[in-house]
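Since the structure comes first, as structure tokens, the remarks are kept for the end.
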Amino acid sequence: MRLGSAATIAAGAAVLAACAALQPSPRDAALALMQRDFHAEGIAGMDRLKEDDVQAACNEYGNNPPAELDAKLRAKQYAGVKWPADGKLMGDWKSGEKIAQRGRGMTWRDKPHQTSRGEPNGGGCYNCHQIGPDTTSFGTIGPSLYQFGKLRGYGTEIQRYAYSKIYNAKAYSVCSQMPRFGHAQALTEAQIKDLTALLMDPASPVNSR
Amino acid sequence: MQQTRRSVIKAGGALGLLAVLGSALLRPGRALAAWNTSAFGAKSAVDAMKALGMTNAEDSKDIAIRAPDIAENGAVVPIDITSNIAGTRSISVFIEKNPFPYTGTFDFPEGTVPYVHLRAKLGKSTPVRVVAAAGGKFYTTAKEVKVTIGGCGG
Amino acid sequence: MNKSLVLGLAAACAAALLPPAFAQTEDPVAADFDKFRAVLEQDNPAELWEVKGEQLWKTPRGPKRASLEQCDLGLGPGVVKGAYAQMPRYFADVDRVMDAEARIVHCMITLQGFTYEELAKKPFSSATKTPDPVSITTYVAAQSAGMKLAPPQSHPKEKAAYDVGKQIFFYRAGAYDFSCASCHGVDGQRIRTQPLPNFTSPAQAIKANQGWPGYRMTGGVMHTLQWRLNDCFRQQRFPEPDYASEMLSALLTYLTVNAQGQEYKGPGIKR
Amino acid sequence: MPDPMKIRATLQGDVADVRVLMAHPMETGQRKQGGKVVPLHFIQTITAQLNGRTVFSADISQAISRNPVFAFKVKGAKAGDKITVTWKDNEGESRTDEATVRGGS
């Protein structure tokens, strides 16, 4: 009886193990369900559900990847930043303000970015950040950028930081919630220059008032 | 009220921009009072008040307007109005910066409390002006309401 | 970590007309919004759809000329009272977890003979038309007003739906690297002027359900949680979720179970 | 045929607190849909009667919010009294609904 019982238990355990192996993990089940229950719409294709290396690391490690992987990914993202060919990092802060205000772009209802039919995308910056002194309906998901240049200095290094941070925030913090506007081709080089000017031009109200 | 209405009729000769919709609907008990096309078609609160015969309105602290300082959504701004002026027969509302400021007149026969709750569309930040009619005279006050842009729809 | 965040949300977030300055931590604006939200909720146009939904529930309709009074929302055929507060739940007849609207759609298909395709074609309200499942869901939800949320977690598939929903909630992907948690995973944040509840916190999780179905002031239309999740995924820059899908039921299971035991006040008013 | 109103009339002492929800698009004539302007379509007049006597009336514009909500207070009402509300819009459509005044707390 003892033996029998042990055998039963062993057999039961084997079945359970087999079941566990067959049972997909919650993550695999979620991926399969999303694959089945989303559909491409407008410019938002099913490819958007696929993680790239950065997204995969943040998903796997709860937005806190091990230091070594984190450093590797950051370096790779930074290396992908495309610097302006003319070497100028600053555009027009007035146009930057409009880009910061505008939240449109990249959803399934939007047209492709800056095609003949589509209007230019916005950065939606005010959704998360305080920036200029005149807009008080700003979000608080990101830090205040008011007086960005005034507080940090107007030097080239800070300009490069601002430009590359907007281009690819993951070059500095792998699991930052900030989109990679240049990397994702959500904003053009000229637009990122305009945003850099909004933050860094001493004449921009961000710094002058 | 009757007085007000009669002066309205006198003042409101020409049918304005909105003539096409002023189908002159008559109501029981108010045979003389038609929907005032020229007041509703006026593009400023001053012109609308003229069309309604509401001249020389006197500033009053006895009209209470309860509305948000900042409206969460300009499409639906709740407004409570109470007149504490004895004998108030009507309350009129003007949203000064709307394209057509005159928003409505609410009549209170004897026995009805001079109070109304309404919800209005505010195109942008604007004073909301109220004129109360009592004893053949007009009393007014206003409250500023700011309209913001919000987030993603709660 | 995550100090620099930018979300690029919403067509609604365009230019801003300006309220007086307010500090980032203190939020008198939100307090004022709450006060007048209560005024608005006292007379909620959503009640117009409750009335309509009740008629739709009780009237024989569809190719099969049947009412929905035999629809089982989990508490037995025809039992509406309290059903909404106890969903999503497992339904043996379909062997899956369904949220309220998914179940109503299921009943419209099986009992009344409508097709999923016609119901899913234009499932969200416009200025001129409110789809029937929206009105019916509003009616059903109103019959749980004042009750505590109690989505069951006893069936293995209900537990699995919670785990899967949690994965979906935290899954970062798409053009902007967003997940649901990008907006709804931390306390005390705001997008533009709109407070963002943290759905991972038991105290705030109720806000995922509270006020839905809701009369939305923008456009003056009635929307359900199906719309809310659809528009979140749009702004998350994801592809579009299928209407009344199992995936959305799983996500709703996660959101609702997190708010277990909290009082649901019935249909509300939304910005 | 327009959808019914929802009318609630509750006594507070001898004052009936009357609250009315109306289903109406209240189009401003400025909204576009599919590239076309949606024509003006709005309620212009409202009257309310208590047991047949007019107790409240209003002329309103398109600036009243979609699906209008109004509340007013009538003195001298009793439980069981009939309150009737009628609206008419600029296209000549109208709707009348009735409710019974209920005792308050």
Side-chain angles (χ1 to χ4, degrees), chain C residues 11-12 14 33 35-59 61 121-122 124-132 134-136 138-139 141-143 145-146 211 213-224 266-271, chain D residues 1-10 12 16-43 46 48 56 58 60 62-73 83 85 87 89 91 93 95-99 102 104-105:
Chain C
F33 286 0
K35 188 170 91 188
F36 282 94
R37 185 67 75 81
V39 170
L40 292 168
E41 276 172 354
Q42 196 186 347
D43 302 284
N44 187 347
E47 291 180 39
L48 298 167
W49 282 276
E50 283 177 40
V51 173
K52 208 169 193 175
E54 182 173 10
Q55 278 175 354
L56 290 167
W57 179 268
K58 292 177 176 168
T59 309
R61 297 168 66 246
K121 201 173 169 203
K122 279 202 165 155
F124 306 125
S125 302
S126 69
T128 44
K129 186 151 174 43
T130 305
D132 293 340
V134 171
S135 301
I136 297 166
T138 305
Y139 160 65
Q143 310 314 307
Y215 178 73
R216 192 155 187 241
M217 293 186 260
T218 304
V221 290
M222 199 66 213
H223 280 314
T224 64
I269 281 200
K270 294 291 180 180
R271 179 172 202 289
Chain D
M1 167 91 165
D3 285 335
M5 280 175 255
K6 180 132 189 185
I7 306 169
R8 233 189 309 257
T10 317
Q12 291 165 349
D17 177 41
V18 185
R19 319 193 72 92
V20 190
L21 298 173
M22 302 171 181
H24 201 285
M26 299 300 286
E27 291 292 352
T28 59
Q30 291 174 34
R31 194 174 67 87
K32 277 188 186 169
Q33 193 168 289
K36 273 193 240 159
V37 173
V38 181
L40 260 169
H41 183 205
F42 65 103
I43 293 174
I46 300 159
F56 177 84
I60 61 169
Q62 65 274 24
I64 293 297
S65 304
R66 184 184 289 267
N67 300 311
V69 175
F70 292 100
F72 53 92
K73 292 177 175 166
I83 185 104
V85 180
W87 60 251
D89 73 17
E91 290 180 0
E93 269 190 324
R95 171 94 210 177
T96 299
D97 291 278
E98 191 181 83
R102 293 182 180 202
S105 45

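Nothing here was measured: the structure is a model prediction, and the numbers come from that model. Within every chain, numbering begins at 1; the chains are lettered A, B, ... in the order of the sequence lines, protein sequences first and strands thereafter.
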Minimum side-chain heavy-atom gap D:V69-C:P45 below 4.5 Å: yes
Which one wins on heavy-atom pair count under 4.5 Å against chain D: C:N44, C:V51, C:T128? C:N44
Minimum heavy-atom distance C:K52-D:D3, with the two atoms named: NZ-OD2, 3.1 Å
So, for C:A127 and D:Q33, which heavy atoms are closest and what is the spacing to 0.1 Å? CB-OE1, 4.0 Å
Considering only heavy atoms, which portion of D:N67 lies under 4.5 Å from any heavy atom of chain C: side chain, backbone, both, or neither? both
Pick from D:R31, D:K6, D:M26 with the largest number of heavy-atom pairs that fall under 4.5 Å of chain C: D:K6
Run the salt-bridge test on C:E47 and D:R8 with the 4.0 Å N-O cut-off and return the result as yes or no. yes
